[in-house]
Amino acid sequence: QVQLVESGGGLVQAGGSLRLSCAASAPIFSFDTMGWYRQAPGKQRELVASITRGGSTNYADSVKGRVAISRDSAKNTVYLQMNSLKPEDTVVYYCNAREIYGFQVNDYWGQGTQVTVSS
């Protein structure tokens with residue numbers, strides 16, 4: 001089974017920066033996409049950023065311009081650099097790896113890492 005381990009979360013003041021890491025147990029190019037999601041209590045999990053096997057990236061409007069997703073295939077790791085953090089970014093962030101077979105999707109998830117932005 002694929003395992004994803006997130007790290008890099010923590011407490012930061014508004015306007016500060018964090019870099020989240022997602023270490024995968026398999027080569028990251030095994031997956032069609034990898035990405036970062038976040039989920040607040042009582043709310044639906046939402047996409048923050050994703051990157052395809054070919055290197056195309058997508059960002060949520062709420063973080064566009066403040067966030068960058070990148071990868072290091074040698075380390076089987078995907079990163080999320082977050083700058084200009086806002087209190088609204090306070091949530092648990094989850095790493096995702098996705099396999100796409102036509103209309104069928106297989107998702108793998110990490111356990112999450114907490115980001116807290118103080119005002």
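Because the structure is predicted, anything quoted here is derived from the model rather than measured. We're numbering straight along the sequence, starting at 1.
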Exercise for review: List in chain and number order the residues that pass ring-ring contact (aromatic ring centres under 6.0 Å, His included) with Tyr79, two or more places apart in sequence or in another chain; answer none if no residue qualifies.
Suggested key: none
Check your understanding: Is there side-chain contact between Asp89 and Arg66, with heavy atoms separated by less than 4.5 Å?
Key -> yes
Practice item. For Thr90 and Val117, indicate whether the former's side chain and the latter's backbone hold a donor-acceptor pair under 3.5 Å. Key: yes
**Study point:** Gln3 CD: over 12 foreign heavy atoms closer than 6.0 Å
**Key:** no
Revision key, fill the gap. Residues 31-64 vs disulfide (SG to SG under 2.5 Å), sequence neighbours excluded, gives none
Check your understanding: With Ser62, which residues qualify under side-chain hydrogen bond (donor to acceptor under 3.5 Å, both in side chains), at least two apart?
Key -> Arg38
Exercise for review: Could you tell me the separation between the CZ atom of Arg98 and the OH atom of Tyr108, rounded to the nearest 0.5 Å?
Suggested key: 12.0 Å
Point to revise | Ser30 (side chain) donor-acceptor with Ile28 (main chain) under 3.5 angstrom | key: no
Practice item. Mind checking the OH-CG spacing from Tyr94 to Asp107? Nearest 0.5 Å is all I need. Key: 14.0 Å
Which atom pairs, donor and acceptor, lie under 3.5 Å between side-chain atoms of residues 7-22 and protein residues at least two apart or in another chain?
residue	atom	partner	partner atom	Å
Ser17	OG	Asn83	OD1	2.9

Point to revise | Pair listing, salt bridge (Lys or Arg N to Asp or Glu O under 4.0 Å) test, anchored in residues 109-119, at least two apart | key: none
Point to revise | For Glu88, all residues meeting salt bridge (charged side-chain N to carboxylate O under 4.0 Å, His left out), sequence neighbours excluded | key: none
Practice item. Would you indicate whether Gln114, at its atom CD, is surrounded by more than 12 heavy atoms from other residues, nucleotides or ligands within a distance under 6.0 Å? Key: yes
Check your understanding: Minimum heavy-atom separation for Lys64 to Tyr59, with atom names?
Key -> CE-O, 3.7 Å
Exercise for review: Look only at the side chain of Asp32 and the backbone of Ile100, and say whether a donor-acceptor pair between them is shorter than 3.5 Å.
Suggested key: yes
